[in-house]
2 protein chains.
Amino acid sequence: METKNPIQSAERIFNILEYVAHNGPVGVVEIGNALELHKSTVHRMLLSLISMGYVEQNDKSGKYQLTFKLVQLSSIFLSNIDIYAIAHPYMERLAKECQETVHLVERTGSDVVYIDKVEPAGPRDSSIRMASHIGLLRPMYCSAVGKAILAELPKEELYSIWENSNPEKKTEYTITSLDKMEEELKMIKMKGYALDNEENEIGVRCIAGAILDYNNNSKYAFSISAPISRMTDERVEELSSHVLKMKGELSKHLGNLS
Amino acid sequence: METKNPIQSAERIFNILEYVAHNGPVGVVEIGNALELHKSTVHRMLLSLISMGYVEQNDKSGKYQLTFKLVQLSSIFLSNIDIYAIAHPYMERLAKECQETVHLVERTGSDVVYIDKVEPAGPRDSSIRMASHIGLLRPMYCSAVGKAILAELPKEELYSIWENSNPEKKTEYTITSLDKMEEELKMIKMKGYALDNEENEIGVRCIAGAILDYNNNSKYAFSISAPISRMTDERVEELSSHVLKMKGELSKHLGNLS
DNA sequence: TAAAAAAGTTTCGTGATATGATACCAATAT
DNA sequence: ATATTGGTATCATATCACGAAACTTTTTTA
């Protein structure tokens, strides 16, 4: 409890709503006991929830249960949230802190699409403003962002994506064997971030983190890209902590609990 | 509005919650105007919603927006609902009405798994109590239930599933060409039900409907199976209306609006 | 199967509590 | 610099939510 709730009935009715959501179909008395409320109070509030369409009474058992109105409401809310608006300020901070280009991608099928990009202020280093632009599609298997997301997906989906990808050697470092990829993903899952070690383009390294939502699903990822000259192993070590921090913060913003 | 809401403040606070869910970050006055509430009332209720964790105030703009608590709540509710319990009574009715075996399946990857089965009462016809049992996995491409679900999925997912399936000719009627399958699915989508025309096993026909949830996603399907001797084209015609009816009712039970 | 207990529903008098007018402060707009 | 708009705080008032009690229905137990 942060601050005191100024509306008693609201506190109570939401507690009831939550109780019903958690404990399937339940009865008036059960709720009353669990929440220490008088049964007539519980009953009145259930009537209120019913009149608003959030709860219904099971014809057979007489128990009370949620309708799908809550789900629909949360669905509407989710469809209105704008990952771009949420992520952009973080990306700017990351770009500033690290003085490197930062990308945001969204998974679409077995590819990722670049949906945002922030470059650090100051004189540009043209060698890195390479093949990346908003809207670009890239296969998942040969990008740090793609691998970051892959590492969060169930095996089954990985296989499905792999089948659809026809992995080819973009560079000598590209991973094209499923076995090696599974190894790699296990490592990524452990470390929490993914590394693209010139697997897509010689001379470019990226560090990426997946963004996890309220359901631990991963639909978005972001990365720091830089020419290998600035991406020594020590620098990767240092940048990875920034990535992990931002990953945690952004995931929290998408409702992730962990 | 069904019946009168016995709790004024509940009515108001939920209206505010809904308004905020729909209209992104909003201000006190805007809500007050939209819902014809005094701004001090709105403010107090927002404080209440904040104290309960459903709403937060944007640091920058001072506007109010939802947190993910609502999403998490709806997520908990969804994980608790039991498709089996919901669908079973409908299946029993269908089996009784049609005097045929009814199945319920859930999609898992590029297969469906049989999770429930109801046989009509009375003397059994052993010719149909064939290769179906709870837990059985079957590819989607050669089953009515599978095709019913496929028809509701985006093209992209269809391709992915197709790749993973290695379609083979189970019978002379099995569809193994992607082009033909896309034709077939278009037809299924139009009609609302799918037909397995001895595509999996000679002598057996099935009619299936997909179940659509609150998001128009399709994870479950059900079917009527019968030996071809009882599944003439006219009978299919007749049974399909039962399937469509049940499809509508079940989908509604899963929060589907249409 | 009767009686008792438990769960659900309705009513209503009471006072706690939600209400909204007013005022105040902060941030934009003019 | 001033006005306007939006957000926050206070408080007297009466409305509205409260819960005791009675009643009905269902389930359990004897």
Side-chain angles (χ1 to χ4, degrees), chain A residues 1-67 80 85 89, chain B residues 1-67 80 85 89:
Chain A
M1 296 297 136
E2 306 192 339
T3 56
K4 189 76 191 106
N5 193 328
I7 305 184
Q8 186 190 58
S9 55
E11 176 85 22
R12 291 173 167 188
I13 207 166
F14 273 92
N15 282 338
I16 291 174
L17 188 76
E18 289 169 19
Y19 188 85
V20 176
H22 281 87
N23 306 81
V26 286
V28 175
V29 174
E30 179 186 343
I31 299 173
N33 291 336
L35 305 178
E36 299 184 27
L37 293 172
H38 197 280
K39 65 175 179 169
S40 79
T41 301
V42 174
H43 184 252
R44 181 161 13 89
M45 292 191 161
L46 286 170
L47 288 182
S48 175
L49 287 169
I50 288 172
S51 87
M52 297 185 291
Y54 287 98
V55 166
E56 66 190 355
Q57 190 170 19
N58 193 308
D59 294 331
K60 303 271 158 64
S61 62
K63 304 263 181 186
Y64 294 88
Q65 59 195 265
L66 286 200
T67 65
N80 283 340
Chain B
M1 295 300 136
E2 307 193 338
T3 57
K4 190 75 192 110
N5 192 328
I7 304 183
Q8 185 188 59
S9 55
E11 176 83 23
R12 291 174 167 187
I13 208 167
F14 273 92
N15 281 338
I16 292 174
L17 187 75
E18 290 170 19
Y19 188 86
V20 176
H22 281 88
N23 307 82
V26 286
V28 175
V29 174
E30 178 186 343
I31 299 172
N33 291 338
L35 304 179
E36 300 185 26
L37 292 172
H38 198 280
K39 65 175 183 169
S40 79
T41 301
V42 173
H43 183 250
R44 180 158 17 87
M45 293 193 160
L46 286 170
L47 288 182
S48 176
L49 287 168
I50 289 172
S51 87
M52 296 185 292
Y54 287 97
V55 166
E56 65 190 357
Q57 191 169 20
N58 193 307
D59 295 330
K60 302 273 159 63
S61 62
K63 304 263 180 185
Y64 294 87
Q65 58 195 262
L66 287 201
T67 65
N80 283 341

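Chain letters run A, B, ... following the sequence lines, proteins first and then strands; every chain starts at 1.
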May I ask you to verify if any side-chain N or O of [X] is less than 4.0 angstrom from the OP1 or OP2 atom of [N]?
| X | N | value |
| --- | --- | --- |
| Gln8(A) | dC18(D) | yes |
| Thr41(B) | dG20(C) | yes |
| Arg44(B) | dT19(C) | yes |
| Arg12(B) | dA18(C) | no |
| Tyr64(B) | dG6(D) | no |

Take atom [atom1] of [X] and atom [atom2] of [N], then tell me their distance rounded to the nearest Å.
| X | N | atom1 | atom2 | value |
| --- | --- | --- | --- | --- |
| Leu46(A) | dA7(C) | CG | P | 15 Å |
| Gln57(A) | dA7(C) | CD | C1' | 11 Å |
| Met45(B) | dG7(D) | CE | C1' | 17 Å |
| Ile7(B) | dG19(D) | CD1 | C1' | 13 Å |
| Asn58(A) | dT26(D) | CG | P | 14 Å |
| Glu36(B) | dG20(C) | CD | P | 12 Å |
| Leu37(B) | dG7(D) | CG | P | 15 Å |
| Glu30(B) | dG7(D) | CD | C1' | 14 Å |

* Assign each of Ser9(B) and Val26(A) to its nearest nucleotide of DNA chain C by heavy atoms, then name whichever residue's nucleotide is nearer the 5' end. => Val26(A)
* Asked: On a plain distance test, is the side chain of Lys39(A) in donor-acceptor contact with the base of dG8(C) below 3.5 Å?
  -> yes
* Asked: To the nearest 0.5 Å, how far apart are CD in Glu11(A) and OG in Ser51(B)?
  ->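 Here the rounded value is 5.5 Å.
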* To the nearest 0.5 Å, what is the distance between CE (Met45(A)) and CG (Leu37(A))? ->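 If I round to the nearest 0.5 Å, the distance is 7.0 Å.
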* Would you say the ring centroid of Tyr64(B) lies under 6.0 angstrom from that of Tyr54(B)? ->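 Not under 6.0 Å, so no.
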* Tell me which nucleotide among dT9(C), dA18(C), dG19(D) gets nearest to the side chain of His38(A). => dG19(D)
* Asked: Of all the choices, dC18(D), dA9(D), dA21(C), which nucleotide is nearest to the side chain of His43(B) once you look at every atom?
  ->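 Nearest to the side-chain atoms of His43(B), counting from C-beta on, is dA9(D).
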* Which heavy-atom pair separates Val28(A) from Val42(A) by the least distance, and what is that distance? ->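 Scanning both residues, the minimum pair turns out to be O-CG1, 3.7 Å.
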* Given that Asn33(B) and Ser40(B) both sit by DNA chain D, which one's nearest nucleotide is further toward the 5' end? -> Asn33(B)
* Asked: Would you find a donor on one side and an acceptor on the other, under 3.5 Å apart, between the side chain of Thr67(B) and the backbone of Gly53(B)?
  -> yes
* To do: Check every strand shown and say whether Gly27(A) touches a base, only sugar-phosphate, or nothing at a heavy-atom separation below 4.0 Å.
  =>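 Sugar-phosphate contact only.
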